[in-house]
K.L.:
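This is the structure I want to talk about, given as structure tokens.
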Amino acid sequence: MADPNGYDDSFDDPFQPVGTRIESAPVPARREGGIAARAMAARGAPSDYLAGLNPEQRQAVETTEGPLLVLAGAGTGKTRVLTTRIAHILATGRARPFEILAVTFTNKAAREMKERIAGFVGGNVEGMAWLGTFHSICVKILRKHAELVGLKSSFSILDTDDQIRLIKQIIQAEGLDDKRWTARAFAGILDGWKNRALGPEDIAEGEARAFANGKGRKLYREYQERLSILNAADFGDLLLHVITLFKKHPDVLKDYQRRFRYMLVDEYQDTNVAQYLWLRLLAQGNPNVCCVGDDDQSIYGWRGAEVDNILRFEHDFKGATVIRLERNYRSTSHILAAASHLISFNEGRLGKTLFTDFSEPDHDLVSVASVWDSEEEARTIGEEIEALQTKGHSLNEMAVLVRASFQMRSFEDRFVTLGLNYRVIGGPRFYERLEIRDAMAYFRCVVQPSDDLAFERIVNTPKRGLGEATIKLVHGVARAERIPLMQAASQLIDTEELKPKPRNALKNVLDNFDRWRRQLEQMKHTELAEIILDESGYTEMWRQDRSAEAPGRLDNLKELIRSMDEFESMTGFLEHISLVMDRDSADATDAVSIMTLHSAKGLEFDTVFLPGWEEGLFPHQRSLDESGRAGLEEERRLAYVGITRAKKRAKIYFASNRRIHGQWQSSLPSRFLDELPVDHVEIAEPSTSYGGYGGGGYGPSRFDSHDPFDTGSYSTPGWKRAQRARSSEGFSEGGRGYQSARMKRQGPLTIEGELVAKSVSDTPSEYSLGERVFHIKFGYGAIKSIEGNKLTIDFEKAGVKKVIDSFVERH
DNA sequence: TCTCGAAGCTTTTTT
DNA sequence: AGCTTCGAGA
């Protein structure tokens with residue numbers, strides 16, 4: 001990324017800060033060799049980039065004005081249209097690079113788009129400042145206007161892990177049983193709300209009550225307050241804050257509306273309500289919105305995507321043009337026929353019919369094979385891969401696409417024994433690893449002393465004897481004084497609340513951070529990073545660790561520092577990481593890919609293996625339980641995505657027996673098998689002696705009597721969960737007792753963001769000299785001197801001690 | 001405060 | 001079955 005800080009307008013961008021309205025946009029001096037200059041130089045020869053487009057694609061590129069929905073079926077050249085369109089807008093001088101907003105969902109997609117545009121325009125895409133993910137664009141906007149939504153421009157971005165830990169604290173602070181009401185569960189609910197752009201005040205009463213005996217709304221509110229104290233935003237907030245900003249500050253919105261002359265959204269079927277609202281606000285000033293997507297490939301409903309957005313496009317954006325791209329350039333006619341027939345079982349589609357000229361008599365039919373269990377499945381697929389390999393097919397052109405990641409294991413096992421190269425895509429990501437997150441927490445504490453979550457993570461990693469008891473004290477001070485943990489800790493070590501051992505340990509940690517913070521300015525950030533990990537004892541901790549993973553972790557830490565080198569500063573690096581959690585795994589070796597169907601979207605392979613087509617696994621039972629018909633349709637789209645990944649060969653498998661959660665279960669073939677067109681499918685011969693399931697062969701009649709929506713509903717996990725939830729309601733009014741004493745000191749929860757930065761001396765103690773007070777640990781005593789919020793007290797039993805005022809009570 | 005054994009969860013994933 | 005998380009004892 002050329003712009004590590006994400007909010008640095010070094011490009012030739014006449015951005016006007018809020019308030020200074022641009023009445024007539026000044027034309028900036030064009031930089032020699034800049035993207036616009038080059039693009040405009042290419043003007044007059046549009047045929048260059050338009051050549052080779054089919055009529056529909058060309059129309060999609062040239063319909064620049066007004067709302068446009070491009071329904072791009074699988075393999076119809078969607079990305080090509082998107083990038084050519086941008087090139088076209090630039091080349092015809094309709095807009096300058098920084099006047100185009102182009103949104104994608106993943107960083108990978110953004111990167112690819114940048115590369116391809118660069119290909120058209122000749123190298124330099126720097127000027128495409130507003131090409132990125134929803135989130136990265138929001139961050140960019142927010143950094144500029146943070147104050148308007150109650151944040152400071154330096155706000156940090158919480159990842160899922162931080163979020164869960166924070167929620168957990170809030171649930172505990174509420175005195176709720178954090179087992180019954182798990183942080184994870186609430187995070188999910190919260191996510192749902194934020195995806196729908198609902199603030200604490202907007203959620204429906206019923207929904208707010210459903211969690212934690214009606215405390216849902218309160219928890220939400222408290223969570224948001226904590227975030228603002230921490231000067232942090234979670235992923236959902238990035239969008240929501242921008243929406244709020246746009247709504248409350250029409251002048252700011254207007255600036256952006258004016259700036260973005262053309263807007264493009266990729267994968268529109270994956271947008272959620274918040275993203276839709278975001279786009280709508282921007283589009284109010286300017287109708288040139290082009291959304292590209294495929295309703296048949298909407299597979300992220302479970303994380304808030306609204307297929308409705310794409311289905312309603314014509315309604316929402318008046319006068320919209322709809323263009324269908326139906327000519328498929330990827331797959332054989334058999335594969336297309338299979339996919340099309342399958343997806344036709346879905347209702348409520350916008351409807352596309354993919355076609356291709358790519359049809360030869362020797363093309364393979366889509367194959368369906370029955371196997372005994374997952375081991376045989378892996379064995380069979382392994383053999384087929386080896387057979388193809390001997391025929392000269394590249395492993396890179398083969399992929400095993402599974403429904404759930406636990407299925408990957410049997411393939412890995414098998415491929416290892418066969419000595420077959422494979423790579424797993426989408427496994428645990430680099431930046432999610434424990435050691436990386438720990439290291440990052442150290443860096444975060446250095447850069448942002450108020451990053452409580454980071455501090456908590458590493459105070460006692462490696463072990464320093466700073467256990468729960470000590471942390472609780474620090475927390476107490478922080479909460480009472482409304483200051484960050486580190487600041488609270490530094491106050492605490494001036495007193496005698498702590499025993500000498502933890503006190504020294506804590507002092508040591510704080511001194512270290514102070515020193516590192518000073519070094520930050522003098523030293524190269526990579527060098528400092530190494531120093532931090534060394535001096536903190538973190539590296540040493542893993543060196544001492546005798547477990548098998550330890551050496552790998554040390555390698556990862558080295559890799560982390562190496563990757564920091566690409567960034568200009570620690571801050572730039574941290575920003576990048578919080579938004580870009582993926583890592584380029586540009587691996588040159590020839591290998592079979594193993595991945596989930598979800599992560600396969602957008603990819604293509606000559607040969608695709610689709611194992612595990614069994615009822616309960618695919619379609620997944622939980623999807624059916626939770627979302628009924630809609631769930632089934634989404635699963636079907638997933639099947640469609642799977643099949644359409646194949647260029648030449650699609651091979652489907654189902655096992656009669658599968659071990660799920662350690663339990664062997666016999667399984668029925670997926671209903672999706674019956675939805676494949678007989679003419680384009682062959683039933684593969686059982687490759688091993690005990691092939692086949694139950695009665696042999698699969699027949700369409702099998703499921704006729706099998707309505708998934710009224711069978712066995714009393715034993716499904718969903719029903720059981722519902723039962724459990726119901727029975728638990730009512731008698732969990734507990735958590736009384738010690739809670740009330742604690743609550744007293746918390747005071748009002750409405751806080752101005754600035755209070756966070758307040759230092760001790762500003763808040764004089766409410767106690768007076770000579771006053772008799774009670775301290776939980778030291779007992780009764782009289783105040784001898786006051787220094788800010790630190791009191792020196794002569795205790796009747798414990799003698800003279802220095803303590804913090806929030807730990808004593810008047811008596 | 002740390003370490004070990006027991007007890008719970010396990011769909012899909014990005015930012 | 002296997003991984004993480006939690007609670008009891010050293």
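The sequence lines fix the lettering, A, B, ..., with proteins before strands; numbering per chain opens at 1.
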K.L.:
Using whole Å, what does the distance between atom C1' of nucleotide dT13(B) and atom CG of N272(A) come to?
P.N.:
14 Å

K.L.:
Would you say that P611(A) contacts F654(A) through its side chain, given a criterion of any heavy-atom pair below 4.5 Å between the two side chains?
P.N.:
no

K.L.:
From CG of L401(A) over to P of dT13(B), roughly how many Å is that when rounded to an integer?
P.N.:
12 Å

K.L.:
Of the nucleotides dC6(C), dT15(B), dT13(B), which has the atom closest to the K168(A) side chain?
P.N.:
dC6(C)

K.L.:
Where the side chain of S599(A) is defined as all heavy atoms beyond and including C-beta, which of dT13(B), dC6(C), dT1(B) is the nearest nucleotide?
P.N.:
dT13(B)

K.L.:
Can you tell whether the side chains of R414(A) and E377(A) come within less than 4.0 Å, N to carboxylate O?
P.N.:
no

K.L.:
When L342(A) is tested against each of L673(A), D296(A), I643(A) for side-chain contact (heavy atoms from CB on, under 4.5 Å), which residue passes?
P.N.:
I643(A)

K.L.:
In whole Å, I'd like the distance from the CD atom of E635(A) to the C1' atom of dT12(B).
P.N.:
8 Å

K.L.:
Rounding to an integer number of Å, can you tell me how far F235(A) CZ sits from dT15(B) C1'?
P.N.:
4 Å

K.L.:
Using the closest heavy atom to pick a nucleotide of DNA chain B for each, name whichever of L238(A) or S623(A) lands nearer the 5' end.
P.N.:
S623(A)

K.L.:
According to a strict under-4.0 Å criterion, is R622(A) in side-chain N/O contact with OP1 or OP2 of dT11(B)?
P.N.:
yes

K.L.:
From the options dG2(C), dT14(B), dT13(B), select the nucleotide whose nearest atom is closest to the side chain of R409(A).
P.N.:
dG2(C)

K.L.:
Return the value, rounded to whole Å, for the distance between atom CD1 of I577(A) and atom C1' of dT15(B).
P.N.:
13 Å

K.L.:
Can F105(A) be said to stack with the base of dT14(B), given centres closer than 5.5 angstrom and planes under 30 degrees apart?
P.N.:
no

K.L.:
Given dA1(C), dT15(B), dT11(B), which nucleotide is nearest the side-chain atoms of S405(A)?
P.N.:
dT11(B)

K.L.:
Let me know the distance between CZ of F406(A) and P of dT10(B), rounded to the nearest Å.
P.N.:
13 Å

K.L.:
Among the nucleotides dT11(B), dC6(C), dT15(B), which one has an atom lying closest to any side-chain atom of R403(A)?
P.N.:
dT11(B)

K.L.:
Among dT15(B), dT12(B), dT11(B), which is the nearest nucleotide to the side chain of H620(A)?
P.N.:
dT11(B)

K.L.:
If you only use heavy atoms from C-beta on, which nucleotide in dT11(B), dT15(B), dT13(B) is closest to the side chain of A404(A)?
P.N.:
dT11(B)

K.L.:
Of the nucleotides dT12(B), dT1(B), dT15(B), which one has an atom closest to the side chain of A469(A)?
P.N.:
dT1(B)

K.L.:
Could you state the CZ-P distance from R184(A) to dT5(C), rounded to the nearest angstrom?
P.N.:
8 Å

K.L.:
For R543(A), is there an ion pair with E540(A) - N to carboxylate O distance below 4.0 angstrom?
P.N.:
yes

K.L.:
Taking only the side-chain heavy atoms of N107(A) (C-beta and beyond), determine which of dT15(B), dT12(B), dA1(C) contains the nearest atom.
P.N.:
dT15(B)

K.L.:
State plainly whether the residues E575(A) and R143(A) are in salt-bridge range, i.e. N to O under 4.0 Å.
P.N.:
yes

K.L.:
Consider the side chain of N460(A), meaning its heavy atoms from C-beta on, and name the nucleotide among dT13(B), dT12(B), dC2(B) that approaches it most closely.
P.N.:
dC2(B)

K.L.:
Should the pair R659(A)-D373(A) be classified as a salt bridge under the 4.0 Å nitrogen-to-oxygen rule?
P.N.:
no

K.L.:
Just how far, in rounded Å, is P of dT15(B) from CG of D161(A)?
P.N.:
16 Å

